[in-house]
Amino acid sequence: MSKKYLLSLLVFCSSASFAHTTQILNGYWQYDDYLNAHPKQKTLTERLGEEVRELPTPLIGKQEKPITISVVYPGQQVSDYWVRNIKAFELRLDKLGIRYSINQVFTRPNMDVRQQSLSLLDAVQNNTDYLIFTLDTTRHRKFVEHVLSATETKLILQNITTPVRAWEGRQPFMYVGFDHVIGTKLLYDYYKSVAPEGSKYSVLYFSEGYVSDARGDTFIEAMSHDDRYQLSSSFYTKATRQSGYEAAKSALNKDDELSFLYACSTDVALGAVDAIKELGREEVLLNGWGGGTAELDAIKTGAIQVTAMRMNDDTGIAMAEAIKWDLEGKDVPQVYSGDFELVTSEDSDSKIEQLKQRAFRYSDQ
């Protein structure tokens, strides 16, 4: 496949209610379903989880040469997940005694397509040992399929924990993240417990793609099985604070009886905070998604009522440990999801501080 063609391809192109998510995420294994169907993988994933929670054990044996790692992340967001993730990853590699060189590029989600494409192409042409990327759009998927079929590069897919069924037999080196369905279920259970019967709500999606399907559509599907709640509207955004503000303002102006806004990302949620304040609709409940620093600050002030907080550094540590296992010749799990904790505006400052110390144990150094 020529460079010109590949570049053009890249640029243009739990509870009962949650049992239905396979219809929404068509073509993907659900995290728990995959592990239950593959007992060996389940064992490996559990072992890696234990390793992530423990202090680092250095690499066994001599490393012949430094490994090369390329990272292409949508890290230019208010959400600090991606920046913290890479810091935790590098610090754990250092503590494991792994010699490496890393090239990292942060782009904007749903934007900077050409820059992202050039960075990915450069990583492949330079035969990088490990490439860390994400999978959200059709364009991403086409690139991943090229890497899987035509290169020796080991691909780690971040922010996705649901293996693609069509790639059986040629899967990426690893899927790693915080399972979107598990996090969504925490928020679904929260809203069920606090939103009164007859509540109306609006969904503020991420940009169109996998994340919106996994966080937004699964939430709507689960809510549809409970006739106490009514979907008033839904809006795709550009995954930015400004577009979250615009979508939330439209939802609030459309319906004076909204009880809550379900936001699918940090930036979108913070934009919704701006709209709620501007319109004086502080009675409307709002969630965050991920529990980074900006969300936790908003929860302390009551601007956001709840979030599914990722134990953020788990995934950076998991990637480093997986690479160590690979260098030692050990089997590496196909999939890994970090831990979540539900955080609400009712939680004490001391509880939130304890969770921050656990979640950011590397990235706050």
Side-chain angles (χ1 to χ4, degrees), residues 14-15 17-18 20-21 24-25 78-79 178-241 243-277 279 281-292 294-295 298-299 302-310 340 342-345:
S14 28
S15 67
S17 296
F18 276 79
H20 299 269
T21 54
I24 293 167
L25 299 180
V78 178
S79 169
F178 293 85
D179 187 71
H180 302 295
V181 174
I182 293 174
T184 296
K185 184 182 182 302
L186 286 176
L187 295 170
Y188 163 79
D189 288 341
Y190 171 83
Y191 279 124
K192 276 190 66 176
S193 70
V194 300
E197 188 170 346
S199 291
K200 298 168 73 176
Y201 70 98
S202 180
V203 170
L204 309 178
Y205 286 108
F206 198 65
S207 55
E208 289 192 62
Y210 172 83
V211 171
S212 284
D213 294 344
R215 295 182 183 177
D217 286 348
T218 56
F219 183 84
I220 292 172
E221 172 70 14
M223 282 291 186
S224 72
H225 294 278
D226 193 325
D227 58 12
R228 291 185 299 161
Y229 306 103
Q230 179 185 339
L231 177 65
S232 174
S233 60
S234 61
F235 300 87
Y236 281 107
T237 70
K238 295 180 180 178
T240 62
R241 183 168 187 160
S243 63
Y245 159 78
E246 292 167 357
K249 192 171 180 180
S250 294
L252 293 165
N253 283 331
K254 179 178 182 293
D255 195 337
D256 292 335
E257 298 179 349
L258 278 184
S259 293
F260 64 91
L261 292 169
Y262 175 78
C264 288
S265 78
T266 296
D267 293 54
V268 172
L270 294 176
V273 168
D274 298 335
I276 287 171
K277 287 181 179 178
L279 298 177
R281 297 285 296 277
E282 282 80 4
E283 79 282 359
V284 176
L285 301 176
L286 173 67
N287 66 280
W289 221 113
E295 285 189 13
I299 280 179
I304 290 175
Q305 285 70 53
V306 64
T307 190
M309 182 180 178
R310 297 174 287 213
F340 284 98
L342 189 76
V343 177
T344 78
S345 54

For the student: nearest non-hydrogen atoms of [X] and [Y], plus distance:
X	Y	value
Lys249	Leu279	CG-CD1, 4.0 Å
Leu204	Ala248	CD1-CB, 3.8 Å
Leu187	Gly288	CD1-O, 3.8 Å
Leu286	Ala263	CD1-CB, 4.1 Å
Phe260	Val284	CA-CG1, 3.8 Å
Thr237	Ser243	CB-OG, 3.4 Å

Between [atom1] on residue [X] and [atom2] on residue [Y], distance to nearest 0.5 Å:
X	Y	atom1	atom2	value
Gln230	Met223	CD	CE	12.5 Å
His225	Ile220	NE2	CD1	12.0 Å
Gln305	Tyr191	CD	OH	7.0 Å
Glu295	Asn287	CD	CG	8.0 Å
Phe219	Ser224	CZ	OG	11.0 Å
Met309	Phe340	CE	CZ	11.5 Å

Between [X] (side chain) and [Y] (backbone), is there a donor-acceptor pair under 3.5 Å?
X	Y	answer
Ser259	Ser199	no
Lys277	Ala303	no
Ser212	Phe206	yes

Kindly state whether the ring of Tyr201 and the ring of Tyr229 have centres lying under 6.0 angstrom apart.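 Judged by ring-centre distance (under 6.0 Å), Tyr201 and Tyr229 do not meet the cut-off.
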
Centroid-centroid distance, Tyr205 to Trp289, less than 6.0 Å: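 Centroid distance Tyr205-Trp289: not below 6.0 Å, so no.
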
Assess the side chains of Ser202 and Ser233: does a donor N or O sit below 3.5 Å from an acceptor N or O?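 Looking only at side-chain atoms, Ser233 and Ser202 do form a donor-acceptor pair, the distance falling under 3.5 Å.
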
Kindly indicate whether the side chain of [X], heavy atoms from C-beta on, has any atom under 4.5 Å from the side chain of [Y].
X	Y	value
Glu283	Arg281	yes
Glu246	Phe235	no
Tyr262	Leu231	no
Asp255	Lys200	yes
Ser232	Glu257	no
Leu25	Val181	yes

May I have the list of side-chain donor-acceptor pairs in residues 268-275 shorter than 3.5 Å, sequence neighbours left out?
{"unit_1": "Asp274", "atom_1": "OD1", "unit_2": "Arg241", "atom_2": "NH2", "d": "3.1"}
{"unit_1": "Asp274", "atom_1": "OD2", "unit_2": "Arg241", "atom_2": "NE", "d": "2.9"}

Which is it for Cys264 and His180 under the side-chain contact (heavy atoms from CB on, under 4.5 Å) test, yes or no, and what are the steps along the way? CA-CA 10 Å; Cys264 288; His180 302 295; over 6 Å; no

Run the side-chain contact (heavy atoms from CB on, under 4.5 Å) check on Val194 and Thr344 step by step: do they pass? CA-CA 12 Å; Val194 300; Thr344 78; over 6 Å; no

Applying salt bridge (Lys or Arg N to Asp or Glu O under 4.0 Å), can you list everything that pairs with Glu197, at least two apart in sequence or on another chain?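 Glu197 satisfies salt bridge (Lys or Arg N to Asp or Glu O under 4.0 Å) with no residue once adjacent residues are dropped.
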
Go through the steps for Ile299 and Ile304 under the test side-chain contact (heavy atoms from CB on, under 4.5 Å), then give the verdict. CA-CA 5 Å; Ile299 280 179; Ile304 290 175; 3.9 Å; yes

